[in-house]
Student: 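Just passing along the structure, written as structure tokens.
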Amino acid sequence: MIRQHTWLSEVICKNINDLYNCGEFIDGKESGTHNRQVKRNRELAGDVVDRAATLFMDAFNQDPWLTSFHMRHCTAPMFNEYDAELDDNGEYKLHCDNSIMNGLRSDIVLLTALNDHTEYEGGDLTIKVGNIDVQLRLNAGQTVVFDPNLWHTVSPVTKGRRRMCVIWAETLIQDSWAREMFYDYLDISARCLNSIDENKWYEQGNQTDPATYIGSLRQKILRQYATPLNIPTK
């Protein structure tokens, strides 16, 4: 599964970049391998992280496309940077993510570009799908969502700075096959609803409107495969 979406506004990207410019950083080993031959990047730290997270998550939680992934829980946003000078041509060699991130099962990972790929050289995100390499360069405000089991890499940043926000999420649907089918259903249903001629729909004897009818399939899938949120018992 690889999906892309542009949602974060230019204004919020700029505000978060301003926090990068005045913030402190820690070595990227805090969230991954300590091997500098595999991973060389930095993570935003200090007081500005909470401010950046608030800006990011306020917009994140209001975006319909992102909420359609039915995330049960997600990690706090991690703001990283690959700096050509300070990180010695920062890169992250081929890897797949840990199954547990900050105490959560990592069903999906969401990478959001905070600055545009034209602002740096190198820094390509490559995701391996079977024997195919999918290479991506993201625009500011664009997110790519994919399965953390897929091997992926960030090529060396040879000029400038590459800034990304990373979130791992545990979804309501644990089964990976069912989760992918559910996301396919969401894509297909949106296209169908935008294409249906309602006059012809009702001429065929349908008594329920298209959105309600197609939406019922969503509920059936969730009822079968979703793990409900914890409900306090009396």
Student: How about Gln219: does its CD atom have over 12 heavy atoms from other parts shown lying under 6.0 Å from it?
Tutor: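 It does: Gln219 CD has more than 12 such atoms within range.
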Student: Rounded at 0.5 Å granularity, tell me how far CD in Glu81 sits from CG in Asp87.
Tutor: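 Here the interatomic distance stands at 7.0 Å.
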Student: Shortest non-hydrogen contact from Tyr20 to Met164?
Tutor: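 Closest heavy-atom pair between Tyr20 and Met164: OH-O, 3.4 Å.
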Student: Do the non-hydrogen side-chain atoms of Val134 and Thr126 ever get within less than 4.5 Å of each other?
Tutor: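 Sidechains of Thr126 and Val134: no contact.
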Student: Working to the nearest 0.5 Å, report the span between SG of Cys74 and CD of Glu170.
Tutor: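 Between atom SG of Cys74 and atom CD of Glu170 there are 10.5 Å.
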Student: Could you please spell out the steps behind the side-chain contact (heavy atoms from CB on, under 4.5 Å) verdict for Lys128 and Ile132?
Tutor: CA-CA 6 Å; Lys128 296 187 73 67; Ile132 302 297; over 6 Å; no
Student: Using the rule that Ile, Leu, Val, Met, Phe, Trp and Tyr join whenever any side-chain heavy atoms are under 4.5 Å apart, tell me whether Ile108 and Val129 fall into a single cluster.
Tutor: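 Unlinked, Ile108 and Val129 end up in two clusters.
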Student: Check this for me: Gln4, atom CD, are more than 12 non-hydrogen atoms of other residues, nucleotides or ligands nearer than 6.0 Å?
Tutor: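 More than 12 within 6.0 Å, yes.
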Student: How close do Ala113 and Leu138 get, heavy atom to heavy atom, and via which atoms?
Tutor: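 Of all heavy-atom pairs spanning Ala113 and Leu138, the closest is CB-CB, 3.7 Å.
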Student: Taking the six-membered ring where the residue is Trp, are the ring centres of Phe182 and His70 under 6.0 Å apart?
Tutor: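 Here the rings of His70 and Phe182 have centres that are less than 6.0 Å from each other.
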Student: Apply the test side-chain hydrogen bond (donor to acceptor under 3.5 Å, both in side chains) to residues Asn41 and Tyr82: give CA-CA distance (whole Å), side-chain angles for both, the deciding distance (0.1 Å), then the verdict.
Tutor: CA-CA 5 Å; Asn41 69 359; Tyr82 293 76; 3.2 Å; yes
Student: Does any part of the side chain of Asp63, heavy atoms only, come nearer than 4.5 Å to the side chain of His5, both counted from C-beta?
Tutor: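 A side-chain contact exists here, since the closest heavy-atom pair is under 4.5 Å.
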Student: Evaluate Thr171 against Tyr183 for side-chain contact (heavy atoms from CB on, under 4.5 Å), listing each step before the verdict.
Tutor: CA-CA 12 Å; Thr171 67; Tyr183 295 155; 3.5 Å; yes
Student: Quick check: are there more than 12 heavy atoms from other residues, nucleotides or ligands sitting under 6.0 Å from CG of Asp197?
Tutor: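 Yes, the 6.0 Å shell around CG holds more than 12 heavy atoms from other groups.
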Student: Taking the side chain from Asp175 and the backbone from Ala178, do they hold a donor-acceptor pair closer than 3.5 Å?
Tutor: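 Yes.
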Student: In this structure, is the centre-to-centre distance between the rings of Trp151 and Phe146 below 6.0 Å?
Tutor: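 No, ring centres 6.0 Å or more apart.
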Student: Could you give the distance from CG (Leu19) to CG (Leu55), rounded to the nearest 0.5 Å?
Tutor: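 One finds 6.5 Å between CG of Leu19 and CG of Leu55.
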Student: With a 4.0 Å cut-off on N to O distance, would you call Glu43 and Lys29 a salt bridge?
Tutor: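 No salt bridge links Glu43 with Lys29.
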Student: Mind checking salt bridge (Lys or Arg N to Asp or Glu O under 4.0 Å) for Asp18 and listing every partner two or more places apart, or none if nothing turns up?
Tutor: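 Here the qualifying residues are Lys14.
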Student: If you compare all heavy atoms of Tyr202 against all heavy atoms of Pro210, which two are closest, and at what distance to 0.1 Å?
Tutor: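 Smallest heavy-atom distance, with atoms named: OH-CD, 4.0 Å.
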Student: Got Val109 and Ile167 here, is their nearest side-chain heavy-atom distance under 4.5 Å?
Tutor: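 Of all side-chain heavy-atom pairs linking Ile167 with Val109, none is under 4.5 Å.
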Student: Go through Arg3 and Asp187 one step at a time and tell me if the salt bridge (charged side-chain N to carboxylate O under 4.0 Å, His left out) criterion holds.
Tutor: CA-CA 10 Å; Arg3 285 172 167 79; Asp187 290 342; 3.1 Å; yes
Student: I need the Leu111 CG to Thr143 OG1 distance, nearest 0.5 Å.
Tutor: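 Leu111 CG to Thr143 OG1: 8.0 Å, rounded to 0.5 Å.
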Student: Is there a chain of hydrophobic side chains (I, L, V, M, F, W, Y, each step under 4.5 Å between heavy atoms) that links Leu8 to Leu125?
Tutor: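 No; Leu125 is not reachable from Leu8 via cluster members.
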Student: Measuring centre to centre across the rings, with the benzene-like ring taken for any Trp, is His95 within less than 6.0 Å of Tyr92?
Tutor: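 Yes, the ring of His95 comes within the 6.0 Å limit of the ring of Tyr92, centre to centre.
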Student: Test your reading of the model: is there a side-chain donor-acceptor pair from Glu30 to the backbone of Ile26, 3.5 Å cut-off?
Tutor: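 Not at all, since once roles are kept as given, no pair shorter than 3.5 Å links the two residues.
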Student: So Glu198 and Asp209, side-chain contact (heavy atoms from CB on, under 4.5 Å) or not? Walk me through it.
Tutor: CA-CA 8 Å; Glu198 290 202 9; Asp209 67 275; 5.7 Å; no
Student: Is the backbone of Trp201 close enough, under 3.5 Å, to the side chain of Asn206 for a donor and an acceptor to pair up by distance?
Tutor: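 Answer holds: yes.
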Student: At what distance, to the nearest 0.5 angstrom, does CE of Met181 lie from CE of Met1?
Tutor: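 If I round to the nearest 0.5 Å, the distance is 11.5 Å.
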Student: Can you tell me if Ser106 uses its side chain to pair, donor with acceptor, with the backbone of Ser99 under 3.5 Å?
Tutor: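 Yes, Ser106 side chain to Ser99 backbone: donor-acceptor pair under 3.5 Å.
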Student: Look at atom CD of Glu85 and say whether more than 12 heavy atoms of other residues, nucleotides or ligands are closer to it than 6.0 Å.
Tutor: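 Open.
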Student: Side-chain heavy atoms nearer than 4.5 Å, only ILVMFWY residues, links allowed to pass through others: does that put Val166 and Val48 together?
Tutor: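 Different clusters: Val166 never reaches Val48 through Ile, Leu, Val, Met, Phe, Trp or Tyr contacts under 4.5 Å.
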Student: Taking all non-hydrogen atoms of both residues, which atom of Arg40 and which atom of Asn89 are closest, and how far apart?
Tutor: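 Here Arg40 and Asn89 meet closest at NH2-O, 3.0 Å.
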Student: Quick check against the 3.5 Å criterion: does Ser195 have a side-chain atom that pairs as donor or acceptor with the backbone of Arg191?
Tutor: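 Yes, the answer is positive, given that a donor and an acceptor are paired below the 3.5 Å cut-off.
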Student: Between Asp124 and Arg137, does at least one N-O distance fall below 4.0 Å, as a salt bridge requires?
Tutor: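 Result for this pair is yes, salt bridge flagged.
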Student: I'd like to check Asp184 versus Glu180 (side-chain heavy atoms, cut-off strictly below 4.5 Å). Are they in contact?
Tutor: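 Heavy-atom side-chain distance check passes, below 4.5 Å.
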Student: Nearest 0.5 Å, what's the CD1-CG distance between Ile127 and Asp133?
Tutor: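 Going from the CD1 atom of Ile127 to the CG atom of Asp133 covers 10.0 Å.
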Student: Go through the structure and list residues passing side-chain hydrogen bond (donor to acceptor under 3.5 Å, both in side chains) with Arg161, not counting sequence neighbours.
Tutor: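 Asp83.
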Student: If you take all heavy atoms of Pro77 and Phe56, which pair is closest and at what distance?
Tutor: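 The answer is CB-CD2, 4.3 Å.
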Student: Flag the pair Ile214 / Cys192 as yes when at least one side-chain heavy-atom distance between them is below 4.5 Å, and no otherwise.
Tutor: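 In short, these two side chains touch, coming nearer than 4.5 Å.
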Student: Are Ile221 and Met71 in one and the same hydrophobic cluster, where Ile, Leu, Val, Met, Phe, Trp and Tyr link if side-chain heavy atoms are under 4.5 Å apart?
Tutor: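 Yes, Ile221 connects to Met71 through the hydrophobic network.
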Student: If a pair satisfies salt bridge (Lys or Arg N to Asp or Glu O under 4.0 Å) and one of its residues is in residues 93-121, list it, with sequence neighbours excluded.
Tutor: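 Found Arg105-Asp107, Asp107-Arg179.
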Student: Any idea how Phe60 and Trp7 line up, ring-wise: parallel (<30°), tilted (30 to 60°), or perpendicular (>60°)?
Tutor: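 Perpendicular.
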Student: Could you walk me through whether Asp47 and Glu24 pass side-chain contact (heavy atoms from CB on, under 4.5 Å), step by step?
Tutor: CA-CA 9 Å; Asp47 296 339; Glu24 302 172 357; over 6 Å; no
Student: Could you check whether any side-chain N or O of Asn139 sits under 3.5 Å from a backbone N or O of Gln142, counting only pairs where one atom can act as donor and the other as acceptor?
Tutor: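 It does not hold such a pair.
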Student: Quick check: do Ser31 and Met78 have side-chain heavy atoms less than 4.5 Å from each other?
Tutor: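 Heavy-atom side-chain distance check passes, below 4.5 Å.
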Student: So, do Tyr225 and Leu172 sit near enough that their side-chain heavy atoms are less than 4.5 Å apart?
Tutor: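 No, their side chains stay 4.5 Å or more apart.
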Student: May I ask you to decide whether Asp88 forms a salt bridge with Arg36, counting only side-chain N to carboxylate O separations under 4.0 Å?
Tutor: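 Not counted as a salt bridge, because no side-chain N and carboxylate O are separated by less than 4.0 Å.
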Student: Can you hop from Val49 to Ile12 via hydrophobic side chains spaced under 4.5 Å?
Tutor: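 In one cluster with Val49: Ile12, yes.
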Student: Is there a donor-acceptor contact under 3.5 Å linking the side chains of Arg163 and Asn80?
Tutor: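 The criterion, which ignores hydrogens and geometry beyond distance, is not satisfied for Asn80 and Arg163.
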Student: Between Thr6 (side chain) and Gly141 (backbone), is there a donor-acceptor pair under 3.5 Å?
Tutor: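 Side chain of Thr6 to backbone of Gly141, a donor-acceptor pair under 3.5 Å: no, none is there.
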Student: Show the nearest heavy-atom pair for residues Cys96 and Asn149, with the distance to one decimal.
Tutor: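 Heavy atoms only, the tightest pair is CB-O, 3.8 Å.
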